[in-house]
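Worksheet: the structure to be examined is printed underneath.
Note on naming: letters A, B, ... go to the chains in the order of the sequence lines (proteins, then strands), and numbering restarts at 1 for each one.
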Amino acid sequence: MRAFTYERAEAAEAAAGRAADPSASFIAGGTNLVDLMKLQVLSPSHLVDVSRLPLDRIEATEEGGLRIGALVTNSALANDERIKATWPLLSRALLSGATAQLRNKATTGGNLLQRTRCYYFYDTTSPCNKREPGSGCGALEGFNRIHAILGASEHCIATHPSDMAVAMVALGAEAETLRPDGRRRRVAVEALHRLPGERPELETVLEPGELIEAVVLPPPPKGRQLYRKVRDRSSYAFALVSVAVALEVEGNAVSSLRLALGGVAHKPWRASRAEAALLGQPATRDSFRAAAEAELAEAVGHGGNDFKLPLARRVIAATLADAAGLTPEAEEGEPV
Amino acid sequence: MPHRDPLDRPGRPGAGPAAAPDTLSRAAAADAGQTGAAQRESVTLTVNGRRETVEVDVRRSLLDLLREQLDLTGSKKGCDHGQCGACTVLVNGRRINACLSLAVMHDGDEVVTVEGLEAIDAQTLAPGGTMGSGAAALGDVPSLHPLQAAFVREDAFQCGYCTPGQLCSGVALLGELAAGEASIVTWERADADGADAVGAAPASDEELRERMSGNLCRCGAYPNILGALRRTLGQIEEGAERADRGPGRDGARGGTG
Ligand SMILES: Cc1cc2nc3c(=O)[nH]c(=O)nc-3n(C[C@H](O)[C@H](O)[C@H](O)COP(=O)(O)OP(=O)(O)OC[C@H]3O[C@@H](n4cnc5c(N)ncnc54)[C@H](O)[C@@H]3O)c2cc1C
Ligand code: SF4
Ligand code: FES
Ligand code: FES
């Protein structure tokens, strides 16, 4: 690990100002940053420790939502009684990720801003446009089993690895931030991360030194909330494809739907096309499959991850069916 | 083999320390010298009930602080990247991976390592536990947490390298279960039962495996680790029943097999 200077922030305002230099970095739980610093994938020259800021509470908002402090741990959030009762999707997504030990340290802000698990990003001897702009992309022609099928560019095909962020997008959450100049703003989690385009090193719309203070959940979406994560092992592995859904059916038709995907893009992916295709439509397996097709119309594989196309199609359709309460038997023998 | 400081990564290109930019330097950084030598900070923390004040390189992990500076070598370094759980310790009553945590960030914290587990209450995780039946169960072993005694009974290890982490993780798990915390398996069970809400988790094997998934064992002692957890959960349950029955308890329990 390279040498750096360290300070503990006592107040949010000071913290934001202190990390405004692009070579400085906040550290919260450290579960992602320390890992990357040990490998010298990242070598910040200065760390601003925000872990003692008073941002560890979950409070009800006047609108009927919750304001989650950026330092609330993934464990605490997943087990908050209000979350379990009213935003179960978030509890499910959090508990699908990492391990008990990691979730005890991982924070809400750090989880949102965790970096990709692309192998070439981690390997400092490989080209990677994200780690070293202009050096090329090792994954395009290399091993890309875990990589993106939606919204990628010829410069980067990495995915965002967070489970929590996918749930936050489906739930319509917003990040509350504090900029180095002292101004505050709200950014929808859906708009927080960028697509790679020509600048894959720019991962979010935040400026250097912009501190996430909280994530605000609006009142819950209507209907049943589910998170389904498909991975290589049944525990302790990142998502190959994940689906976060909140679905309400009235009569026989889809009356309300929020759908987001993980493991498929550089950002947690709001499946707006599928949402639009389904609203008002009958809640049947056929329409769920059609909606998945619509969402994936422009999806492309890169060799190693070609399997994600049929996988995503099936997992989207199956999770929607589960959320709609369709009986599983009907699925047997059906082509998908 | 000569002792190598884990902070150095010899042989890696550019492993030398980077100088702190002037704009960000503060008093302590300046003390560290313009050569870019690493900043050191004083940290006070309680480890296994003992207050310790140590000076650390700010790059030092909590794991290296415990092993290299406090001579508590029970906690093991497996991967050093949060993937294996060998370094699991309790910090303020919660299990964490000590390898992914900077020591300097633990000022004021209460740390328990495998060396201090015996004094932890199996249910509340509070120091100074009341269970204390581990030693009795084994007869000749001076002082063990019931889960440690159960590991011996159930033969829950082979080489033993992962064991301190398994133990710390397991002890934390008992507390999490007692506190009614959910896992993803708890949710899946609620789904299978058609329940709308997630309740307290009955400790099924699947539940225990999921909750121990952050602790790998290259020797594959998993079935017996599960057995040791089962045995301890059984003891806790019995203990609770006995407490319910009130005074006139049947003395120290013997090993039940
Ligand atoms: C072995 C392993 C397995 C894992 N598996 C999963 C998984 O299955 N699913 C999953 O979702 N995640 C997984 N994770 C990732 C884990 O969830 C993240 O490491 C964690 O959420 C990061 O949170 P942190 O607080 O530790 O962040 P840190 O490491 O402290 O910080 C991460 C980044 O966020 C920035 N940051 C932190 N807080 C703030 C803030 N308040 N404002 C602005 N910037 C901030 C930091 O500067 C840094 O760039 C895994 C990690 C490991 C090591
Ligand atoms: S996919 Fe992105 S992160 Fe991975 S090597 Fe290519 S540029 Fe780097
Ligand atoms: S040594 Fe910490 S998790 Fe492996
Ligand atoms: S007993 Fe050898 S690694 Fe677990």
(message) Heavy-atom pairs under 4.5 Å with chain B - which of A:Leu33, A:Ile27, A:Thr99, A:Leu95 has more of them than the others?
(response) A:Leu95

(request) Measure distances from A:Ala106 to the heavy atoms of chain B and classify the residue's part below 4.5 Å as side chain, backbone, both or neither. (result) neither

(request) Could you look at A:Arg52 and say if it's the side chain, the backbone, both or neither that has a heavy atom under 4.5 Å from chain B? (result) side chain

(request) Please state whether the side chain, the backbone, both or neither of A:Thr31 comes within less than 4.5 Å of a heavy atom of chain B. (result) both

(request) Go through A:Arg92, A:Lys84, A:Lys105 and name the one with the most non-hydrogen pairs under 4.5 angstrom from chain B. (result) A:Arg92

(request) State, without any angle test, whether B:Asn215 and B:Ser169 hold a side-chain donor-acceptor pair at a distance under 3.5 Å. (result) yes

(request) Give, as side chain, backbone, both or neither, the part of B:Glu188 having an atom under 4.5 angstrom from any heavy atom of chain A. (result) neither

(message) Does any part of the side chain of B:Leu216, heavy atoms only, come nearer than 4.5 Å to the side chain of B:Cys162, both counted from C-beta?
(response) no

(request) Please determine, by modelled atom types, if A:Asn104 and A:Thr73 share a side-chain donor-acceptor pair under 3.5 angstrom. (result) no

(message) I'd like to know if B:Glu206 pairs up with B:Arg189 as an ion pair, taking the criterion as any Lys NZ or Arg NE/NH1/NH2 lying under 4.0 Å from an Asp or Glu carboxylate oxygen.
(response) no

(request) Examine whether an atom of B:Cys99 lies under 4.5 Å from a heavy atom of chain A, and if so say whether it belongs to the side chain, the backbone or both; otherwise answer neither. (result) both

(message) Testing the 3.5 Å rule here: is there a donor-acceptor pair between the side chains of B:Ser183 and B:Glu210?
(response) no

(message) Quick check for you: to the nearest 0.5 Å, what is the distance between B:Leu167 atom CG and B:Thr113 atom OG1?
(response) 11.0 Å

(message) Less than 4.5 Å to any heavy atom of chain B: does that hold for the side chain of A:Ala100, its backbone, both, or neither?
(response) both

(message) Using a 3.5 Å distance criterion without hydrogens, assess whether the side chain of B:His81 forms a donor-acceptor pair with backbone atoms of B:Gln83.
(response) no

(message) Only pairs of heavy atoms separated by less than 4.5 Å count here; which of A:Leu226, A:Val34, A:Asn79 has the most with chain B?
(response) A:Asn79

